[in-house]
K.L.:
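Pasting a structure here, questions to come.
Quick note: numbers below take in every heavy atom, side chains included, and nothing from hydrogens, waters or symmetry partners. Chain naming here is simple, since letters A, B, ... match the order of the sequence lines and numbering starts at 1 in each. Just so it is clear, the model here is predicted, and its values are computed rather than measured.
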2 protein chains.
Amino acid sequence: MSDCDACVVRNRAICSALMPDELAALSKLGRKQMVSRGQTLVWEGDESLVVANVIQGVLKLSVSTQDGREQIVGVVFPSDFIGRPFGKESPYGVTALTDAEVCIFTRTAFDGFAKEHPDLQHKLLQRTLDELDRARQWMMLLGRKTASERIATLLIEISDRLGASGCSPIAPFLEKFELPMDRQQMGDLLGLTIETVSRQLTKLKEAEIIELPDRRSVIIKDRRRLENIATAA
Amino acid sequence: MSDCDACVVRNRAICSALMPDELAALSKLGRKQMVSRGQTLVWEGDESLVVANVIQGVLKLSVSTQDGREQIVGVVFPSDFIGRPFGKESPYGVTALTDAEVCIFTRTAFDGFAKEHPDLQHKLLQRTLDELDRARQWMMLLGRKTASERIATLLIEISDRLGASGCSPIAPFLEKFELPMDRQQMGDLLGLTIETVSRQLTKLKEAEIIELPDRRSVIIKDRRRLENIATAA
DNA sequence: TCTCTGCATTGACCTAGGTCAAGCAAGCAA
DNA sequence: TTGCTTGCTTGACCTAGGTCAATGCAGAGA
């Protein structure tokens, strides 16, 4: 991690709280690491040993029951922060949904550095508060929304977050994008089965609200209507 | 809020990060306020104008759809922190489930104070991280658990949190307690209807796992079995 | 005492979404 | 070309939990 200046997420990740000399000090503690699709960075229940910034790619945070049901409890995009600073075991696993690149730190080294840099902690606090708000919106989805509302919400959310985190400088959202996950993972995120996900996507396609050129691609043809479905309006 | 020394949550709320003189300064910014059952402290979507510590009582954080479905996205107990510091509108409403007492601050005053006191922010960060973990566990419940697993989980959770936050000095959990909410609110928290909540409670009663002396009271007779149901073991 | 009011429970029925079981298309190896 | 694999879709059926409609029951008031 020699060259933070060239880092594509330099100005959006928590690093943006730091001055150049502080950044240089932090960079000595971490290193870049590739994570290939499907590879698990942190196991659910393990002691929290590392934290990281996402540089490229998309990863999932997930929880499982003993009998194998899985729930994805978070999805992280470039510039997002991963991990549980300040002690504790990780209550969820972290697995790459696409090939990814992260900037990784041992938790203890990061904790120590964070304690000395209030601005960094402030940034981290803001991010955590945002993440909590997002988790709570998702609780509404899981507890009260119908299958079609869930699918519509997911498509809007991915379009927005790929737009905001992607390299595209201005787009607030994307109307064509690649899903960073397969149908099973969409189900695990939405609290649905793979079959229901598939049926709802077909329904949206038949209503000409979206197009599905191939398994992974989505084109939003009528964003207004999709938003209406998502918000149950 | 003249006398923080006498405050029952002094050592558990975020105030515990402060030295006596700092605490005195903070106390000048806030005041105690009673909130009676059913009263709303913050409306969903309103600009975030206040934050608070809970001294007594229990409050809910909730989100609604346009057509009136409600999801409770958080429940706060004594010593917990309420509100969305550092800008933004509140994405959820805050309403008292029982008569409550809070120690309230304007958000701007609190933000200013927090910026000058890294230890306070650190404490707040830890709390927010814990809250996020709890929200994510609840996402698993809402997305993947059955009705009976949900009810069992809720009873365990309330027993634990009343035990930890209550005045009882040692009890890690309570085997007899008052529910701080009615059946409708249990449903809104679990993503179920009032009827399903009622039926599942009756089932647990008939299995002699719990007793229900009156509408609001619960006695856990067989905690082991209840935990097994909660974790889907 | 009776009645009113607000929850909670219970029962009968219904449906959204789960389950199970085929198909089917794209990629890939031989 | 065939056959195999992996992921997706589709159809037929089932069930957990929702909906609708009584009924019950405790506390408040008169």
K.L.:
Taking five pairs at each end, how big is the angle between the two axes of the helix from C:dT1-D:dA30 to C:dA30-D:dT1, to 10°?
P.N.:
20°
K.L.:
Using atom NZ of A:Lys205 as one end and atom C1' of D:dC8 as the other, report the distance to the nearest whole Å.
P.N.:
10 Å
K.L.:
Contact class for B:Leu192 (heavy atom, under 4.0 Å): base, sugar-phosphate, or nothing?
P.N.:
sugar-phosphate
K.L.:
In whole Å, I'd like the distance from the CG atom of A:Leu212 to the C1' atom of C:dC24.
P.N.:
16 Å
K.L.:
May I ask you to test the A:Leu212-A:Ser217 pair for a side-chain heavy-atom distance under 4.5 Å?
P.N.:
no
K.L.:
Measure the distance from CD1 on B:Ile151 to P on C:dA8 and round it to the nearest whole Å.
P.N.:
12 Å
K.L.:
Is there a side-chain contact between B:Tyr92 and B:Ser62 (heavy atoms, below 4.5 Å)?
P.N.:
no
K.L.:
May I have the distance from B:Asp188 (atom CG) to D:dG18 (atom C1'), rounded to whole angstrom?
P.N.:
14 Å
K.L.:
Got a salt bridge between B:Asp80 and B:Arg161, using NZ or NE/NH1/NH2 to carboxylate O under 4.0 Å?
P.N.:
yes
K.L.:
Measure centre to centre between the rings of A:Phe105 and A:Phe81, then say whether the value is under 6.0 Å.
P.N.:
no
K.L.:
Over all strands shown, is A:Gly191 touching base, sugar-phosphate only, or nothing at heavy-atom distances under 4.0 angstrom?
P.N.:
sugar-phosphate
K.L.:
When you check the phosphate oxygens OP1 and OP2 of C:dA8, does a side-chain N or O of B:Ser198 lie under 4.0 Å from one of them?
P.N.:
no
K.L.:
Step by step, would you call A:Thr40 with A:Thr95 a side chain to side chain donor-acceptor pair (under 3.5 Å)?
P.N.:
CA-CA 4 Å; A:Thr40 294; A:Thr95 304; 3.0 Å; yes
K.L.:
Evaluate the criterion side chain to side chain donor-acceptor pair (under 3.5 Å) for residue pair A:Ser148 and A:Lys203; output intermediate values, then yes/no.
P.N.:
CA-CA 9 Å; A:Ser148 45; A:Lys203 247 178 61 185; 4.6 Å; no
K.L.:
Run the numbers on B:Ser159 and B:Arg223 for side chain to side chain donor-acceptor pair (under 3.5 Å), then give the verdict.
P.N.:
CA-CA 10 Å; B:Ser159 153; B:Arg223 190 167 222 269; 3.2 Å; yes
K.L.:
Going by an N to O cut-off under 4.0 Å, is there a salt bridge joining A:Arg199 and A:Glu206?
P.N.:
no
K.L.:
Among C:dG18, C:dG17, D:dT19, find the nucleotide with the atom closest to the side chain of A:Arg199.
P.N.:
C:dG18
K.L.:
Can you measure A:Arg69 atom CZ to C:dG17 atom C1' for me and round it to whole angstrom units?
P.N.:
16 Å
K.L.:
Could you check how far CG of A:Asp214 sits from P of C:dA26, rounded to whole Å?
P.N.:
10 Å
K.L.:
On DNA chain D, check which nucleotide each of A:Val197 and A:Arg144 is closest to and give me the residue with the more 5' one.
P.N.:
A:Val197
K.L.:
If you assign A:Glu195 and A:Thr146 each to the DNA chain C nucleotide with the nearest heavy atom, which residue ends up on the more 5' nucleotide?
P.N.:
A:Thr146
K.L.:
Could you state the CD-P distance from A:Gln200 to D:dT10, rounded to the nearest angstrom?
P.N.:
12 Å
K.L.:
Could one point to a donor on the side chain of B:Arg215 or the base of C:dC7 with an acceptor on the other under 3.5 Å away?
P.N.:
yes
K.L.:
Looking at A:Asp46 and A:Arg84, is any side-chain nitrogen of the basic one under 4.0 Å from a carboxylate oxygen of the acidic one?
P.N.:
no
K.L.:
Please state how far atom CD in A:Glu149 lies from atom P in C:dA16, giving the value in whole angstrom units.
P.N.:
12 Å
K.L.:
Verify the contact: side-chain N or O of B:Thr196 to OP1 or OP2 of D:dA16, cut-off strictly under 4.0 Å; return yes or no.
P.N.:
no
K.L.:
Heavy atoms within less than 4.0 Å of DNA chain C: which residues of residues 176-185 of chain B have one? Give them sorted by number.
P.N.:
B:Asp182, B:Arg183
K.L.:
Please step through side chain to side chain donor-acceptor pair (under 3.5 Å) for the pair A:Gln126 and A:Asp130, ending with a clear verdict.
P.N.:
CA-CA 6 Å; A:Gln126 283 194 312; A:Asp130 285 345; over 6 Å; no
K.L.:
Per the atom types in the model, does the base of C:dG17 pair as donor or acceptor with the side chain of A:Arg150 at under 3.5 Å?
P.N.:
no
